[in-house]
There are 2 protein chains.
Amino acid sequence: MGRTLIPHSLAKTIGHDMGRRIGIKDVAAAAGVSATTVSHILNEVEGKRVNPETRQRVLETARQLGYAPNGLARGLRLRRSNTIGFVSDQIATTPHAGRIILGAQEEAAKHGLLLLMLNTGGDPELERKEIDLLLQRQVDGVLYASMYHRVVEVPERLRSVPTVLLDARSDDPGVPSVVPDEVLGGETAVRELVRHGHRRIGFITNVDDIPATHGRLEGYRRALAEAGVAEDPRLVVADVSEAVGGYRAALRLLQAEERPTALFCFNDRMAMGVYRAAAELGLSIPADLSVIGFDDQELISDGLFPGLTTVALPHYEMGARAVVQLLALTGTPDQESGPGAQAQEMLPCPLVVRASVASPPRL
Amino acid sequence: MGRTLIPHSLAKTIGHDMGRRIGIKDVAAAAGVSATTVSHILNEVEGKRVNPETRQRVLETARQLGYAPNGLARGLRLRRSNTIGFVSDQIATTPHAGRIILGAQEEAAKHGLLLLMLNTGGDPELERKEIDLLLQRQVDGVLYASMYHRVVEVPERLRSVPTVLLDARSDDPGVPSVVPDEVLGGETAVRELVRHGHRRIGFITNVDDIPATHGRLEGYRRALAEAGVAEDPRLVVADVSEAVGGYRAALRLLQAEERPTALFCFNDRMAMGVYRAAAELGLSIPADLSVIGFDDQELISDGLFPGLTTVALPHYEMGARAVVQLLALTGTPDQESGPGAQAQEMLPCPLVVRASVASPPRL
DNA sequence: TTGACTTGTGTCATCGATGACATCGAGTGG
DNA sequence: CCACTCGATGTCATCGATGACACAAGTCAA
């Protein structure tokens with residue numbers, strides 16, 4: 001029952017070599033030493049003296065045989081799998097996922113760690129099962145990722161393993177997390193508009209009660225305050241965070257008297273709707289109206305005309321930083337990856353300048 | 001040096017239990033039987049008789065202690081890690097990635113397998129190293145995924161392990177692969193236009209020499225032939241596969257005399273450009289012009305107005321099928337996951353109807 | 001009554017790598 | 001000349017789970 005991994009017939013076709021993978025003993029035998037010695041040499045164990053000649057011979061033998069250590073055996077012995085779990089709620093629904101994963105994976109690889117991917121689909125029952133699978137695999141830690149910034153509860157099972165929240169935060173300040181700095185992001189966007197001379201700046205926000213909503217609004221306010229502009233509540237309009245919501249909100253804002261000369265949109269999708277509204281109203285972007293988005297979904301921001309200036313979520317960075325935090329928890333030998341770990345880390349969101357922002361008309 | 005995974009101080013804060021995870025021996029001791037017996041019971045080994053009373057007691061003990069088998073140890077012993085590698089070239093650059101991964105992951109989970117993720121970034125040197133990491137982890141097989149349908153060479157290292165190509169194909173017909181059926185996809189799109197009564201159908205294609213280009217064009221031709229429409233070479237225009245390319249191509253096609261009443265676009269991004277061109281020319285979609293895209297990038301197709309009818313790439317399905325194929329190679333016990341494996345599998349691309357297709361004007 | 005069987009369970013070796021400790025020969029100082 | 005150190009390498013147990021096989025106690029037929 002499945003002892004042999006590959007049916008012989010197939011194996012031949014595809015070109016597998018059927019022999020066992022060679023282990024440390026094979027190298028030892030071939031080099032005429034003991035397995036221990038080989039281990040010492042290959043791992044460059046300190047405090048172990050080895051005859052340079054022997055070392056050379058063993059190294060050469062290992063190379064020739066194409067020896068690669070068996071991670072399972074090593075993991076068993078060392079009680080460390082060099083593997084971390086990546087659990088996400090909705091890996092698929094957002095294009096952001098890729099960059100978070102990439103950041104995590106590349107940072108992990110730097111430390112010889114591999115990522116075990118899992119998607120719960122938001123189903124708690126499934127989540128329990130999947131986390132169990134992860135624990136069985138003896139993961140050294142877990143990245144618990146959300147696909148948009150929010151507050152989550154850490155599942156009970158994960159308490160037995162070092163865990164870092166990714167694009168999510170816990171109410172328990174003891175749980176390390178990495179999230180984007182929404183406030184600063186909002187500030188960045190609005191400052192850019194202010195910098196171009198805008199004073200009447202609308203904010204098209206969304207209706208969901210999530211950190212991004214509150215944070216970006218707060219950032220909007222701070223930037224206005226900083227510029228000495230009094231906030232006009234009529235300039236803040238909320239709608240669903242999709243193209244159609246942006247469209248509706250923009251129509252409202254742009255048809256009011258004393259219309260804003262610039263719009264800061266909760267996200268790029270809403271900005272997409274703003275473009276349509278502007279076109280229908282005969283307003284040219286950026287000559288008549290400056291627009292700035294959030295998220296930097298390149299499909300949109302690059303696809304729109306003119307290109308949408310926006311604030312990028314630091315997805316790659318978040319993934320990478322989360323791994324660093326996890327490493328700090330698990331106490332790896334090499335911890336030279338930037339700033340030390342903080343419990344709840346917030347990453348800045350960089351401005352991505354394209355072509356949708358200019359000075360306001362009729363200055 | 002890192003023997004203990006968690007610094008004690010931190011551990012306390014976060015709530016890790018510092019004790020070793022309990023192993024089979026602990027259960028055995030607690031239940032007053034041998035480890036072997038526990039193993040037999042938990043694995044429901046056939047041909048092994050166990051006293052129902054003992055079974056009950058062991059099961060209960062295991063549950064109480066929260067026992068979970070150590071995957072590393074089991075993998076070592078059974079020479080099977082129940083893990084498969086997912087190697088992709090560009091995990092991040094496309095939103096499709098998520099769904100492929102999800103499909104693969106969910107199908108894998110059904111069989112108790114976990115996915116080890118890796119991204120090569122297209123760097124062969126890095127790829128070699130990463131694949132080595134995978135092999136060290138004793139993966140049972142590898143999914144080698146490309147982020148757009150193309151022909152690839154299987155890296156030398158992977159020949160020692162069962163491999164299935166995902167959204168990629170090899171010249172060697174012996175290498176199993178799963179790709180979308182581009183030709184059928186093109187046919188599907190154009191048939192939809194024909195069905196609505198269109199006869200003058202333009203094809204905005206791209207300039208890259210990849211299977212999608214040739215396949216979709218072939219599908220376009222077949223559908224026309226099927227409808228008894230003579231192909232007019234002036235109706236096929238190629239440009240870069242982005243919004244701007246679609247924009248340019250559309251301007252050309254729509255400003256020519258006897259303009260097409262419908263446009264089939266190589267992808268949704270090009271269709272996005274077509275929308276802009278149509279708007280500039282004062283053509284209303286779908287009243288004056290029907291448009292159909294390809295890829296179903298929801299960000300676009302759902303964000304455009306009116307919604308873009310398009311042909312979806314079966315990403316989720318591809319991921320899932322690839323796992324099934326891999327399972328067939330590795331010979332798992334349960335192989336009841338749909339149709340049996342074929343060497344080079346092509347999956348149909350379903351039509352996604354939104355609102356950009358209608359009957360041609362002035363019938 | 002005894003050998004053949006059944007039933008239920010335990011013993012032991014094994015998977016591959018590693019660390020603590022043992023060993024062994026060659027120097028070295030007293 | 002001998003106890004001792006040091007350099008170089010080997011022995012053995014171990015990590016946790018599992019399979020082949022052994023074994024003890026009971027059942028049954030001859």
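Bear in mind that the values here come from a model prediction, so they are computed numbers and not experimental data.
In this structure, CG of B:D26 is placed 11 Å from P of D:dC15, rounded to the nearest angstrom. Rounded to whole Å, atom C1' of D:dA13 lies 15 Å from atom CG of A:L78. With rounding to whole Å, A:N51 atom CG is found 14 Å from C:dA26 atom C1'. Rounding to whole angstrom units, NE2 of residue B:H40 and C1' of D:dC21 are separated by 10 Å. Protein atom CZ of B:R57 is 12 Å distant from nucleotide atom C1' of C:dG8, rounded to whole Å. Rounded to an integer number of Å, the gap from CD of B:Q56 to P of C:dG8 is 15 Å. Atom CG in A:N82 sits roughly 19 Å away from atom P in C:dG16 (whole-Å rounding). One atom, CZ of A:R74, and another, C1' of C:dC15, lie 16 Å apart when rounded to the nearest Å.
Remark: side-chain polar atoms of B:D140 are paired, donor with acceptor, to backbone N or O of B:S81 under 3.5 angstrom. B:S39 places no side-chain N or O within 3.5 Å of a backbone atom of B:A35 that could act as its donor or acceptor partner. Under a 3.5 Å cut-off, the side chain of A:R137 and the backbone N or O of B:N82 do form a donor-acceptor pair. With B:D26 contributing its side chain and B:G23 its backbone, the two residues share a donor-acceptor pair below 3.5 Å.
For A:T36 against C:dG19, a side-chain N or O and a base N or O form a donor-acceptor pair under 3.5 Å. Interface remark: the A:S39 side chain does not form any donor-acceptor pair with the C:dG19 base, using a distance-only criterion of under 3.5 Å. On a pure distance criterion of 3.5 Å, no polar donor-acceptor pair joins the side chain of B:T54 and the base of C:dT9.
For B:P69, counting side-chain heavy atoms from C-beta on, the closest listed nucleotide (D:dA17, C:dT11, D:dG10) is D:dA17. With D:dA8, C:dG16, D:dA17 as the choices, the nucleotide that has an atom nearest any side-chain atom of B:A73 turns out to be D:dA17. The side chain of B:K48 sits closest to D:dC21 out of D:dC15, D:dC21, C:dA17. Residue A:K25 places its side chain closer to C:dC15 than to any other of C:dC15, D:dA17, D:dG10. Between C:dG16, C:dG10, D:dG16, one nucleotide has an atom nearer to the side chain of B:S34 than all others, and that is C:dG10. Of the candidates C:dG16, D:dT9, C:dA17, the closest approach to any side-chain atom of A:V50 belongs to D:dT9.
Salt bridge B:E60/B:R57: absent, no basic N to carboxylate O contact under 4.0 Å.
Both A:R49 and A:V33 lie near DNA chain D, and the one whose nearest nucleotide falls closer to the 5' end is A:R49. Across the interface with DNA chain C, nearest-nucleotide mapping of A:L72 and B:R55 shows B:R55 to be the residue nearer the 5′ end.
Phosphate proximity of D:dT9 to A:T37: absent, as no side-chain N or O sits under 4.0 Å from OP1 or OP2. Between D:dG16 and A:R79, a contact under 4.0 Å exists linking OP1 or OP2 to a side-chain N or O.
B:L329 and B:P176 get closest at one heavy-atom pair: CD1-CG, 3.9 Å.
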